[in-house]
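Scroll down for the structure; my scribbles are underneath it.
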2 protein chains.
Amino acid sequence: MKQAKATAHTRLIKILKQNSLNITESRKKILQLFLEQDGALAHGDIEKRAGEKFDRVTVYRTLQTFVNKGIVHIIPTADNAIRYALCKDDCSEVGHDDHHIHFVCDNCHTTYCLDDIVTPDIRLPKGYSGRHVEMVVEGICKNCK
Amino acid sequence: MKQAKATAHTRLIKILKQNSLNITESRKKILQLFLEQDGALAHGDIEKRAGEKFDRVTVYRTLQTFVNKGIVHIIPTADNAIRYALCKDDCSEVGHDDHHIHFVCDNCHTTYCLDDIVTPDIRLPKGYSGRHVEMVVEGICKNCK
DNA sequence: ACAAAAAAAGCAACATTGTTGCAAAAGAAA
DNA sequence: TTTCTTTTGCAACAATGTTGCTTTTTTTGT
């Protein structure tokens, strides 16, 4: 128990250090939320979910930092609520490199990264050149079935 | 010239009638914007683009109505700015049925519907069932190349 | 372990975006 | 035209996101 907690804590610090970020309470707590979470988190979730309340500005700035560093990525949605999820591919300050698809449940609205499914290649019309493909599937998830 | 204008006007009215919507000035003007536009429009674009200024509430409500009726559809984005585009497939009050992909230009940020490209089928993990697939490609468009 | 320097958090004030209820105006129907 | 219904515009509000600046926390060098 104590061991597990220590390990989780170590993992947090390791991730932050790898990205040359200073170790702060906010970053640890917000990152912790992502690690113990299956799906993606919207800004609002984070503000509420955290036991103690963060300043809204801190959450915004921390998420921005995480996105810049390639720790989390943004999932595009149709409902004006940006969702963030941990990057599992090779993301860094240089650029994000997520190629998996996302799944949003119609029922519980949880957003999942389906890491094993790779976005297919697309043949674009003449004149267009693609850099990145985002794919979001809507439907019913494994828990709501 | 006069003929062309009359025709365009007729087209507007036809679309509104087909969807059993009353013919109003706001609806005509907003629909007009979509018809004379290659890409997609965000809420803000519409407020600004219109020669005369619409009340913000009117724009929100009109867009909502158009989405409900299946006249326009929402394009998911990663930047918290919902974009709307005309539906060209079989959309109605019952449900949207758009299967084309979208393209967002890194440079000019114009959003295009690539109507000729159909979203590929995806094999989902066990337990998940898909209803709709959204696909957005980011890159450089034909005009910015 | 401590002090100085650097970075991040918190606060306040503000800007933008989206929502709701209601009265006035415009459109449809007769 | 007159009545009835729908839509618009306004005002007030709520939620979300941003910026500058001060205080606190974290790092670094000793």
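In what follows, chains carry the letters A, B, and so on, assigned in the order in which the sequence lines appear, proteins first and then strands, with residues in each chain numbered from 1. Remember, predicted model here, so these are calculated numbers, not experimental data.
Hydrophobic clustering, with ILVMFWY side chains joined whenever heavy atoms are under 4.5 angstrom apart, groups A/Leu86 together with A/Ile30.
Summarising the geometry, the separation between CZ on B/Phe54 and P on D/dG9 is reported as 8 Å, rounded to the nearest angstrom. The distance between atom CD1 of A/Ile13 and atom P of D/dT26, rounded to the nearest whole Å, is 11 Å. Spacing between atom CG of A/Asp79 and atom P of C/dT17 amounts to 17 Å, rounded to whole angstrom units. Between B/Lys29 atom NZ and D/dT8 atom C1' the separation is 12 Å, expressed in whole Å. Rounded to an integer number of Å, the gap from A/Glu47 CD to D/dT18 C1' is 14 Å. As rounded to whole Å, 14 Å separates atom C1' of C/dT17 from atom CD1 of B/Ile46. Remark: P of C/dT19 and CD of B/Gln64 are 8 Å apart, rounded to the nearest angstrom. In this structure, the CD1 atom of B/Ile82 is 7 Å from the P atom of C/dG18, given to the nearest Å.
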| request: Verify side chain to side chain donor-acceptor pair (under 3.5 Å) between A/Arg27 and A/Thr62, making sure each step is shown before the conclusion. | output: CA-CA 7 Å; A/Arg27 285 175 185 163; A/Thr62 304; 5.3 Å; no
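Summary of the strand contacts: B/His43 and B/Asn22 both lie near DNA chain C, and taking for each the nucleotide with the nearest heavy atom, the more 5' one is attributed to B/His43.
To the nearest 0.5 Å, atom CD1 of residue A/Ile122 and atom OH of residue A/Tyr128 are 14.5 Å apart.
Contact annotation for A/Arg56: base contact, defined as any heavy-atom pair under 4.0 Å involving a base atom. Contacts of A/Thr65 with the nucleic acid, taken as non-hydrogen atoms under 4.0 Å apart, are absent.
Closest to the B/Val57 side chain, of the nucleotides D/dC10, D/dT7, D/dT18, is D/dC10. The side chain of A/Ile23 approaches D/dT27 more closely than any other nucleotide in the set D/dT7, D/dA11, D/dT27. The side chain of A/Asp55 has C/dC11 as its nearest neighbour among C/dC11, C/dA8, C/dA28. Closest to the side chain of B/Tyr60, from the set C/dT19, D/dT18, C/dA8, is C/dT19. Side chain of B/Arg61, nearest nucleotide from D/dT7, C/dG18, C/dT20: C/dT20.
When the side-chain nitrogen and oxygen atoms of B/Thr24 are compared with OP1 and OP2 of C/dA26, none of them lie within a distance under 4.0 Å. Under 4.0 angstrom from either OP1 or OP2 of D/dT8 there lies no side-chain N or O belonging to B/Thr58. Close to D/dT16, at under 4.0 Å from its OP1 or OP2, lies no side-chain N or O of B/Asn80.
Summarising the local packing, CZ of A/Arg131 is surrounded by more than 12 heavy atoms from other residues, nucleotides or ligands at distances under 6.0 Å.
Aromatic pair A/His102/A/Tyr112: centroids not less than 6.0 angstrom apart.
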